[in-house]
Amino acid sequence: MTTPVSRRVKSIKHIIIVCSGKGGVGKSSVATQLALSLHASSPNVHIGLLDVDLTGPSLPRMLGLDGHGIHQSSDGWVPVYADAHGQGVPRLACMSIGFLLKNRGDSVVWRGPKKNAMIRQFLSDVRWGELDYLIIDTPPGTSDEHLSLLEHLAPVHSRLSAVIVTTPQAVALLDAMKCLSFTRAVGLPVLGLIENMSGYVCPCCGEVSNVFSMGGGEEMAKREGLPFLGRMPLDPELVTLLDAAEPPGETGGGQEQGSDKAFEVIEKYRKTTSAKLFAPIVDKVVDTIGPMQVAQEIMIGDTASAQGSGFLTQDTC
């Protein structure tokens, strides 16, 4: 079935939904690192980063893009490019409701139908172009935003996959299990699990120490038969980098300065301890996502053939 969303995203190869059962586990920072690390992995990779955490958008600030506005073209909304001031063609596109708010402190007080309409617009009206990866940062839990995403992206379901983010603590793991249960209920393939905030990177020597608990996420992945993508420690250098981007309106210079700041974030990230630790995680994602998508396409094709031949009855479907 062809829809405005399917027509728009037909040139996107892989769509990765970053989710967690609980807030405060660093999901948005993981989505940002995934985008930045993929950007650094090859000069030919094009990435989109979509923020559907409508009531708490944080990606513009993390990427140093706060204060940017969205421009309308004849082909739809033009996303904001974090690497617009780099060399060559921009390759990291970002879209968030944060770009549409008049003031950064404005709250978004919407019920489900309006959230659904906004997500549909992000998918159908944004001029994403040809992307290798579209990374979608979702709000905590399993609510309207997640269901809207899966509904609108149903025509390209074989390209969808998820990354689950948790911390090692028991309470976070319990909510991560609910997130995993959701992916299984809706047939969303899981690329793997990331254990975030596991250990602490010393700002002086770079050594990772086990200050808090460690290993809970890995144990859960092993128990549930999930690929364990890796663990990420608390890194003061990364926190400072993602928090330090002052909105251009506060320092003068407007959007021009904001674009410079975004490119600075990309360059500085590559030198952090977190970038080195995240590189193997990206390698696992890249190695897993291709075969997983092929398997999904085969399974969907087999199901469609069986239904067409009458092999599956309504009860077994």
Side-chain angles (χ1 to χ4, degrees), residues 15-35 49-59 62 96-97 108 110-112 115-116 118-119 122 134-154 157 160-199 212-234 238-239 242 274 278 281 284-285 288-289 292:
I15 301 173
I16 303 174
I17 300 173
V18 181
C19 53
S20 68
K22 189 174 185 63
V25 299
K27 174 180 45 56
S28 294
S29 66
V30 166
T32 301
Q33 289 182 83
L34 182 56
L49 188 55
L50 174 58
D51 187 356
V52 297
D53 191 347
L54 301 178
T55 57
S58 54
L59 295 185
M62 289 184 172
S96 170
I97 197 171
V108 177
W110 288 351
R111 294 185 184 273
K115 290 181 179 180
N116 180 60
M118 186 78 260
I119 291 172
F122 278 155
L134 175 62
I135 300 162
I136 303 179
D137 181 32
T138 63
T142 52
S143 55
D144 289 330
E145 291 86 345
H146 304 79
L147 294 173
S148 294
L149 276 175
L150 293 172
E151 176 188 348
H152 296 312
L153 293 171
H157 187 83
L160 303 183
S161 57
V163 169
I164 297 176
V165 182
T166 185
T167 57
Q169 291 77 27
V171 173
L173 291 169
L174 182 62
D175 288 329
M177 278 298 304
K178 295 173 184 175
C179 186
L180 176 61
S181 173
F182 169 80
T183 63
R184 289 171 172 169
V186 298
L188 179 62
V190 178
L191 290 169
L193 183 142
I194 295 176
E195 182 179 306
N196 200 28
M197 303 184 192
S198 181
F212 308 109
S213 61
M214 181 184 286
E218 184 174 11
E219 185 178 330
M220 172 186 159
K222 194 177 298 183
R223 184 177 65 249
E224 297 297 325
L226 291 177
F228 180 65
L229 298 176
R231 58 172 58 93
M232 290 299 298
L234 285 165
L238 177 70
V239 173
L242 298 184
S274 289
F278 209 91
I281 293 177
K284 290 179 182 178
V285 168
T288 305
I289 198 168
M292 180 177 285

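- By the 4.5 Å heavy-atom criterion applied to side chains, Met197 and Gln169 are not counted as neighbours.
- Nearest heavy atoms, Ser96 versus Phe122: C-CZ, 3.9 Å.
- Between the His146 side chain and the Pro139 main chain, a donor and an acceptor come within less than 3.5 Å of each other.
- For the pair Gln33 and Ile281, the minimum side-chain heavy-atom distance is 4.5 Å or more.
- When atom types are taken as modelled, the side chain of Asp51 and the backbone of Pro57 share no donor-acceptor pair closer than 3.5 angstrom.
- Counting only distance, with no hydrogens or angles, the side chain of Lys22 and the backbone of Thr166 share no donor-acceptor pair below 3.5 Å.
- Proximity of a side-chain donor or acceptor of Thr32 to a complementary backbone N or O of Ser28 within less than 3.5 Å is detected.
- For Arg111, the CZ atom counts as loosely surrounded, since its 6.0 Å shell holds 12 or fewer non-hydrogen atoms of other residues, nucleotides or ligands.
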Exercise. Decide side chain to side chain contact (heavy atoms under 4.5 Å, CB included) for Ile136 and Leu153; before the verdict, give the C-alpha distance in whole Å, the side-chain angles of both, and the deciding distance to 0.1 Å.
Key: CA-CA 12 Å; Ile136 303 179; Leu153 293 171; 4.3 Å; yes

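- Contact annotation: the side chain of Ser161 approaches that of Met292 to within less than 4.5 Å [non-hydrogen atoms, C-beta and beyond].
- Side-chain contact between Trp110 and Asp144 is absent, with no heavy-atom pair separated by less than 4.5 Å.
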Practice problem: Check the pair Asp175, Leu173 against side chain to side chain contact (heavy atoms under 4.5 Å, CB included), reporting the backbone distance first and the verdict last. | Solution: CA-CA 5 Å; Asp175 288 329; Leu173 291 169; over 6 Å; no

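- Take Ser143 and apply the side chain to side chain donor-acceptor pair (under 3.5 Å) test, not counting sequence neighbours, and it matches Glu145.
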Quiz prompt | Verdict with reasoning, Leu191 to Thr288, per side chain to side chain contact (heavy atoms under 4.5 Å, CB included) | solution = CA-CA 7 Å; Leu191 290 169; Thr288 305; 3.9 Å; yes

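- Proximity of Lys115 to Val52: side-chain heavy atoms (C-beta onward) are nowhere separated by under 4.5 Å.
- In terms of heavy-atom proximity, Ile194 sits nearest to Met232 at CG2-CG, 4.4 Å.
- In this structure, Ser148 and Ile119 approach most closely via the heavy-atom pair CB-CD1, 4.0 Å.
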Practice problem: Any chance you could lay out the side chain to side chain contact (heavy atoms under 4.5 Å, CB included) test for Cys19 and Ile164, step after step, and finish with the verdict? | Solution: CA-CA 5 Å; Cys19 53; Ile164 297 176; 4.1 Å; yes

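- Taking both residues in full, the closest heavy atoms of Phe182 and Leu150 are given as CZ-CD1, 3.7 Å, listed atom of the first, atom of the second, then distance.
- Asp137 contributes atom CG, which lies 12.5 Å from atom CD1 of Ile16 (distance to the nearest 0.5 angstrom).
- You'll find the side chain of Phe278 reaches within 4.5 Å of the side chain of Val30, heavy atoms only.
- Partners of Glu151 according to the salt bridge (charged side-chain N to carboxylate O under 4.0 Å, His left out) rule, which considers only residues two or more places apart in sequence or in another chain, do not exist here.
- The line from CE of Met220 to CE of Met177 is 5.0 Å long, rounded to the nearest 0.5 Å.
- In this structure, CG in Leu59 is found 12.5 Å from CD1 in Ile97, a value given to the nearest 0.5 Å.
- The minimum heavy-atom distance between Ser20 and Val165, with the atom names listed, is CB-O, 3.3 Å.
- To the nearest 0.5 Å, atom CG of residue Leu50 and atom CD1 of residue Ile135 are 10.5 Å apart.
- Scanning both residues, Leu134 and Leu49, for their nearest heavy atoms gives CD1-N, 4.2 Å.
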